[in-house]
Structure formats: structure tokens, C-alpha cells
Amino acid sequence: MKNRIKELRAKYDLTQEGLAKKVGVRRETIVFLEQGKYNPSLKLARDIAKVLQIPIEELFIFE
Amino acid sequence: MTAKRFKFYRIMIAIILGAIFSVSIVADNFVLPIVSVVTSVALMYMLKKNVKEVLEDERDYEIGGRAARYAISIYSYLMLVAILVLFIGRASNPLFETIASILAYSVCSLMIFYSLIFKYLQSDSPLKKNKTLTVFLAIIIGLIIVIINIRLLSGEDGWICQDGQWVKHGQPSLPMPAQPCK
């Protein structure tokens, strides 16, 4: 599963630490998410999509 | 408090606790470790409450769950081998049988605990809504397991301290205790 977290984070000038704080996870989790090494829970996916102001299905791309 | 500082304090508490345990065993004092464990748990709880950063998240819980499952499986298999080796070698040293029994009961207890907790988390039990009742039942089950273990491990045959001398009770598999009988 790919995602557009890194791209959208840059668009909103958000650091990994900043995004992590907003969604209540550790920075390392954002790092692993961006690298596609971790599949988030539905709740975390929804929270990230909300912060990055994008529908969840556009943020995460299933291949 | 930062997460980094909290982790430092956690390591320090673990080191101090380890040192207290070692000293207490040597000094034959068993009150000190109990007091220090309770104190350190309370201290850790207070320190954790002061941390503003996120210490654990869903990824840590997922990894923790997998790590626990692997650890239990690997530990159980390793202990099974160790128990068999110790039982085979019991003729050379009677102490091996006792060690093997202790290991066997501890592995069984661990597996029972794991199965009970797994069942509890898996089911839609009404217990989940009542935390006090859950903790109470967990303590009762824990106590029952400890009592059964003590009963099974104590055995009928052993050495009894009588009038300053060690006296055989039945046919003890262990040699006479080395410490003086008071």
C-alpha cells in the first residue's frame, strides 16, 4: 500500500514531528508510514487524512 | 518531562531495583525487594504521568504483541528441551529433577496465563466492561496458580529441621540442605 503522506506534509509545511503530534503517535511511526513499512489502523489513517485535508481513499493507494 | 528523560529514569530505576534484589538475596531480606518493587511501580506511574510526549502508539502495541507471542513460543520450546535434558541427567545429580520440575510448572503457568488473557481479549466478555471485577478475578486466578504450584513443588518427601538437625521426611530426592538448621 502506497501513500501520499510525505507529499502532502510538504505541501502544508508540516514536519514528521508536527504531524505525529497532531495525530497522537510517535515520529517513528510517521517515518515507517511514509516508507510504506507500516499499515496504519483505520482510526490513524482517518486522523492523518483529516490533518492533511484529503479523503482517506486519496491518501492511501492500494495496489 | 521529555520521553528521553523518562527512558533514562526508567533504566536507572531498573538498575537500582536489580541491585536491591541482589543485595536482598545475599542478606536474606525479602521485605526490601517487595517494598522497592511497589515503590518503583508507583514512581514509574508518577513519572509517566508527567511525560508530555507520546511514549507508545499503535505501532508499538502491534510490535509488542508479536514480540510477546514469539517470546512465549521460543521460551516454551527452549524450556521443553532444557526440561528433557535435566530429566535425562537426573541420575547424575538429584537437583536436576527439582530444577526441571520448577521449569515445567513455570512454563505451564505462563501458557495458562497466556491462554486466559488471549481468551479474555478475544471474547466479547461482559467482564471487559467491569475493570474492578476483572482485576479481582485475575488476582484470584493468579493466587490459585501460585498455591497449586507451591503445593505441587513442595512434595511430600524432603528435609525437615528438627532440634537443630536435618531429618529425612520420606525419601527426599535432594541432598541434605547446606545451610545450618536453626
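Here is how names work: the chains are called A, B, and so on, in the same order as the sequence lines, proteins then strands, and each is numbered from 1.
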(message) So for atom CZ, which belongs to A:R46, do other residues, nucleotides or ligands contribute more than 12 heavy atoms lying within a distance under 6.0 Å?
(response) yes
(request) Identify the residues of residues 30-41 of chain A whose heavy atoms come closer than 4.5 Å to a heavy atom of chain B, ordered by number, or report 'none'. (result) A:F32, A:Y38, A:P40, A:S41
(request) Count the heavy atoms of every other residue, nucleotide or ligand shown that sit under 6.0 Å from CG of A:L42, and state whether that count exceeds 12. (result) no
(message) Can you tell me which portion of B:E53 sits under 4.5 Å from chain A's heavy atoms? Options are side chain, backbone, both or neither.
(response) neither
(request) May I ask you to check whether over 12 heavy atoms, not counting those of A:D13, lie within 6.0 Å of atom CG? (result) no
(request) With the side chain counted from C-beta on, respond yes when A:V25 and B:R59 share a heavy-atom pair under 4.5 Å apart, and no when they do not. (result) no
(message) Counting only heavy atoms from other residues, nucleotides and ligands, does the tally under 6.0 Å from CE of B:M111 exceed 12?
(response) no
(message) Using the rule that Ile, Leu, Val, Met, Phe, Trp and Tyr join whenever any side-chain heavy atoms are under 4.5 Å apart, tell me whether A:L44 and A:Y12 fall into a single cluster.
(response) yes
(message) Looking at B:F136, I want to see if its CZ is surrounded by more than 12 non-hydrogen atoms of other residues, nucleotides or ligands under 6.0 Å.
(response) no
(message) Are there over 12 heavy-atom neighbours, none belonging to B:F30, within less than 6.0 Å of that residue's CZ?
(response) yes
(request) Search all heavy atoms of A:R26 against all heavy atoms of B:L55 and return the closest pair with its distance. (result) CD-O, 3.3 Å
